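These notes are about the structure you will find just below.
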Amino acid sequence: MTITPSDDFPQQLAATVPNLRAFARSLCGNVHHADDLVQETLVKAWKHRASFQPGTHLKAWLFTILRNSFLSEKRSRKLEVEDAEGTFAARMSVEGEQNGHMDLLDFAKALDLLAADQREALILIGAEGFSYEEAAQLCGCAVGTIKSRVSRARSRLEELLQVGDEKVDRTPSSVEAGS
Amino acid sequence: MPKNSPHLNLLANGVLATELSVLPTVRTQFSSAMNAACGRLGENLASIDWATGQGEEFMTKKWTEADDGAADPAEGLAPDAQDAIARRLRSVYGRLVAEPLPDKVVQLLDELAKLDSSGKKT
């Protein structure tokens, strides 16, 4: 059965591009490379728009195309992730030392330090608003794996930032109390 | 020491003999040591009822990456810490999303929109 794309497909595509571009930058760490990935994704999506089912999650479909393109390119060219500039820290540095931005700059630096798979999972869930199931499907892994990556990402960020006034006490109190 | 050294065999026999003679004690100590050293795995071991074998199922369960820390991500961090991370993440990532699109991407979107409208007319 051939599925006809919805009438507002180009508009939906355009509306998703800013998020697609941000995700691409977080993946590859280079703004020019990210723009190339976005363009490649748009062309592929357009070419295969008949296979997109109206009513399903267009953003997840586009993110999957972009991610697969990135991984395929990385495998074929043996590209290293170009994160030397630190995507998030570089973006925050533009704003200088305004009030409140130093706090976000520290966070951005910590985000850049995360393992790529953990950062990706955290962004998909915490910033892009995908469900764990959608993120797992997008990344081609188990839901538990995404949960694990998000959990580790948050813990690592907490370590790097020492979020909150007090460190979280993970010592089982019952052990101490019972002795 | 060579792999088949008599000293090694003697040592192994000694350990075995010791274990057989004080089996319940060794098992308890083993559980405690594993609990301290291996965290979650140790907790599973410590929960085994060695007399009946109840609780041993996890030992034969296929272990996957998903099991490795697959607990609810909300666990482990204080709510305030989670909120702080979520707020900062949205703020930092939101700045990337809000950036103006480069001309070449805008042009491509325009071209696709034109292709769409011309396709509908034919």
Side-chain angles (χ1 to χ4, degrees), chain A residues 5 7 9-11 13-14 17-19 21-23 25-26 31-32 35 38-39 42-43 45-46 87-88 91-92 94-95 103-108 110-111 121-123 125-128 132 141-155 157-158 161 163-166 168 170, chain B residues 31-32 35-36 39-40 42-43 46 61-121:
Chain A
D7 289 340
F9 186 75
Q11 287 74 27
L13 211 59
V17 167
N19 294 73
R21 189 166 176 254
F23 179 60
R25 285 180 68 176
S26 74
V31 65
H32 302 296
D35 287 339
V38 168
Q39 289 180 93
L42 291 174
V43 171
W46 187 263
T87 301
F88 293 100
R91 175 62 190 82
M92 288 309 303
V94 172
E95 298 183 17
D103 177 50
L104 291 179
L105 179 59
D106 288 341
F107 182 85
L111 200 55
L122 186 69
I123 285 171
I125 299 296
E128 288 291 354
Y132 285 108
C141 63
V143 172
T145 304
I146 292 294
K147 288 184 177 180
S148 170
R149 289 174 183 170
V150 171
S151 178
R152 288 176 181 178
R154 285 174 176 162
S155 297
L157 282 174
E158 188 213 5
L161 296 164
V163 173
D165 295 333
E166 296 177 23
V168 177
R170 292 194 177 85
Chain B
S31 293
S32 299
N35 189 29
R40 186 175 168 194
E43 286 170 21
K61 175 180 176 291
K62 187 179 177 186
W63 200 256
T64 66
E65 186 190 356
D67 294 311
D68 186 13
D72 188 338
E75 292 177 5
L77 281 185
D80 286 353
Q82 288 183 51
D83 290 346
I85 287 174
R87 194 176 58 250
R88 292 173 186 179
L89 176 65
R90 285 193 293 270
S91 187
V92 169
Y93 188 81
R95 281 168 163 82
L96 282 188
V97 175
E99 282 192 358
L101 297 179
D103 289 343
K104 57 183 179 180
V105 174
V106 174
Q107 283 171 7
L108 177 59
L109 287 170
D110 288 344
E111 286 171 20
L112 294 178
K114 284 175 189 169
L115 276 175
D116 185 62
S117 56
S118 63
K120 283 175 184 170
K121 286 175 187 172

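Just so you know, these numbers use all the heavy atoms, side chains as well, and skip hydrogens, waters and symmetry mates. The structure presented is a predicted model; accordingly, all values stated were derived computationally and were not measured. A note on names: the letters A, B, ... follow the listed sequences, proteins ahead of strands, and every chain is numbered from 1.
Per-residue heavy-atom pair counts under 4.5 Å with chain B were compared for I125(A), L13(A), V17(A), and the maximum is reached by V17(A). In terms of heavy-atom pairs under 4.5 angstrom with chain A, the leader among L89(B), V92(B), V106(B) is L89(B).
A pairwise comparison of heavy atoms in I85(B) and R154(A) identifies CD1-O, 3.5 Å as the closest pair. A pairwise comparison of heavy atoms in A113(B) and P10(A) identifies CA-CB, 4.3 Å as the closest pair. Shortest non-hydrogen contact noted between L96(B) and A22(A) is CB-CB, 3.8 Å. The two residues P18(A) and V97(B) make their nearest non-hydrogen contact at CB-O, 3.4 Å.
Heavy-atom distances place both the backbone and the side chain of L122(A) under 4.5 Å from chain B. Of the atoms belonging to L108(B), it is side-chain heavy atoms, and not backbone ones, that fall under 4.5 Å from chain A.
Y93(B) contributes atom OH, which lies 13.0 Å from atom CZ of F107(A) (distance to the nearest 0.5 angstrom). A distance of 9.0 Å separates CG in L104(A) from CZ in R87(B), rounded to the nearest 0.5 Å.
Counting only heavy atoms from C-beta outward, the side chains of Q82(B) and E158(A) never approach each other to under 4.5 Å. Contact annotation: the side chain of H32(A) never approaches that of P102(B) to less than 4.5 Å [non-hydrogen atoms, C-beta and beyond]. For the pair R88(B) and L111(A), the minimum side-chain heavy-atom distance is 4.5 Å or more.
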